[in-house]
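We count ligands from 1, going down the list as the structure has it; atoms in each ligand are counted the same way.
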Amino acid sequence: MEVKGAKITKLAIMGGTFDPIHIGHLVTAEEVRHEFNIDEVIFVPTGHPPHKSNINMTTSEHRYLMTVLATAANASFKVSRLEIDREGVTYTIDTIKELKRMYGEEVRLYFITGADAIHKILTWKESEKLLQLCEFVAVTRPGHNKNELLWQIDELKRRYQTNIHFLEVPALAISSSNIRERIHHMKTIKYLVPEEVENYIKKYNLYEYRICLTPQEREHMCQYVSSKMSPKRYAHTRGVIEMALELAKIYQLDYDEVFIAALFHDVAKELPVQEKIALCQKYAVELDAFEALHMELAHGKLGAALLENEWGIYKSAVLDSIKYHTVGRLGMGDLEKVIYLADMTEEGRSPYKGKEQIKNLALYDLNRAMYKALSSSYNYVTNILKEEIHPITYELMAEYKPYDSK
Ligand code: NAP
């Protein structure tokens, strides 16, 4: 990598695992940039640090891309692949030497890192040389024992004639482990990481959590759902739960995920239209053109929005199975198919031609059952109700048709 543009005389290096990067890191980097009049802050996600096993670490590519997304809006921030692309164990001294080569020997380097690193600095590779080549900025989060750190800094400065700075950053009350923990416990991380990073984490299901409901939570959810619907609709919901859990055993799906998806699939179905419209606005629910004209189809997306925003559950497989149980979508996962089929075949649903066949097929081939279910819906809407059907149905029937002739 060659360095282009205006001459850089002061460069700060923000080294860390960034698993994931959060607002605390960004505030820290900006604070250092301002405090020390830095030209550029370069974020260097770690590769294979010497003191850690990589077993539980998110892949370097994910950590790198999240760092890129988080820093893109600040012209003074850059991200380097130096460490993640380096083979073997990565040592800070090698990174610093490489940056000196790239930016010129005269560039003044500041290495920003957590205060804990300072306590261990003398165990790092070529630590004395490192202390000569760059100045350290030790940042602490609230609650850190400052006195001990300041004593340590004085000691290092005296012994190695080096410059070590200390900065207390209140925003570092946030930590990566805390973010991971929050995701694990299905708590929101909104405003703790940049929105782009939040979306990236969701998209790739990083820090994947398992929903684990207590009997009380399950009961509480049931009360909430039943309060939103008539006894008849709730009886249907219980039927969907029963059928979906039967399918969950066959297809080895997570019990709590299936339970929640089935429980919430119709939670918004009987809400008055005005309330549906208001909720769409409140939770920025995007309806397609057909759904906007047929508000009776909006309850899938609305149900998912209620579960996400009022219950803080954002497991995408669960939300998608609620969102798309009305008309389906291309490339549905097993949980989505299970909810779709359980909705069509639960015991209490009035009998219709083909119901038993779809139910029996669902027990051993979800795709064949999907084709029959879609054909049945198509027939019911277009030939019996004589209404317009959602255009996705044609594409879905084409997607599942090959399974029918197997
Ligand atoms: P880490 O495991 O990611 O972090 C340890 C603690 O320090 C965490 O509480 C972390 O908070 C905080 N922290 C780390 N970097 C930070 C930063 N730049 N700004 C604010 N807080 C930060 O990181 P680490 O293992 O201590 O490594 C930090 C840097 O030191 C990396 O660049 C690493 O390569 C380098 N290092 C080099 C050697 C060596 O060369 N021998 C040995 C150890 C470390 P969060 O969890 O919230 O990030």
Test L130 against every option in T162, T92, L122, T95 by the side-chain contact (heavy atoms from CB on, under 4.5 Å) rule and name the one that passes.
T92

Please confirm whether the ring centroid of Y403 lies under 6.0 Å from the ring centroid of Y371.
no

Would the H25 and F43 ring centres measure less than 6.0 Å apart?
no

Is the charged tip of R368 near the ring of Y400: under 6.0 Å from the six-membered ring centre and within 45° of its axis?
no

Short question: side chain of R63, backbone of T46 - any donor-acceptor pair under 3.5 Å?
yes

Do the side chain of T17 and the main chain of D19 share a donor and acceptor less than 3.5 angstrom apart?
no

Is [X] close to ligand 1, meaning an N/O of one under 3.5 Å from an N/O of the other?
{"X": "S176", "answer": "yes"}
{"X": "H25", "answer": "yes"}
{"X": "H22", "answer": "yes"}
{"X": "D116", "answer": "no"}
{"X": "G15", "answer": "yes"}

Any atoms of ligand 1 less than 4.0 Å from a non-hydrogen atom of [X]? List them with their elements.
{"X": "R141", "answer": "8 (C), 9 (O), 11 (O), 45 (P), 47 (O)"}
{"X": "K125", "answer": "41 (N)"}
{"X": "T46", "answer": "31 (C), 32 (O), 33 (C), 34 (O)"}
{"X": "S175", "answer": "47 (O)"}
{"X": "T113", "answer": "15 (N), 17 (C), 18 (N), 28 (C), 29 (C), 30 (O)"}
{"X": "E83", "answer": "34 (O)"}
{"X": "F111", "answer": "32 (O)"}

Going by the angle between their ring planes, with limits at 30° and 60°, are Y204 and H62 parallel, tilted or perpendicular?
tilted

Heavy-atom pairs closer than 4.0 Å: do any link ligand 1 to the side chain of [X], the backbone, both, or neither?
{"X": "T92", "answer": "both"}
{"X": "K120", "answer": "neither"}
{"X": "T17", "answer": "both"}
{"X": "F43", "answer": "neither"}

Check: residues 387-395 side-chain donor-acceptor pairs under 3.5 Å, at least two apart:
from: H390; atom 1: ND1; to: I392; atom 2: N; distance (Å): 3.0
from: H390; atom 1: NE2; to: D288; atom 2: OD2; distance (Å): 2.8
from: T393; atom 1: OG1; to: H390; atom 2: O; distance (Å): 2.8

With sequence neighbours excluded, residues passing salt bridge (Lys or Arg N to Asp or Glu O under 4.0 Å) with K146
E168

Note, E196 side chain near N199 side chain (heavy atom, < 4.5 Å):
no

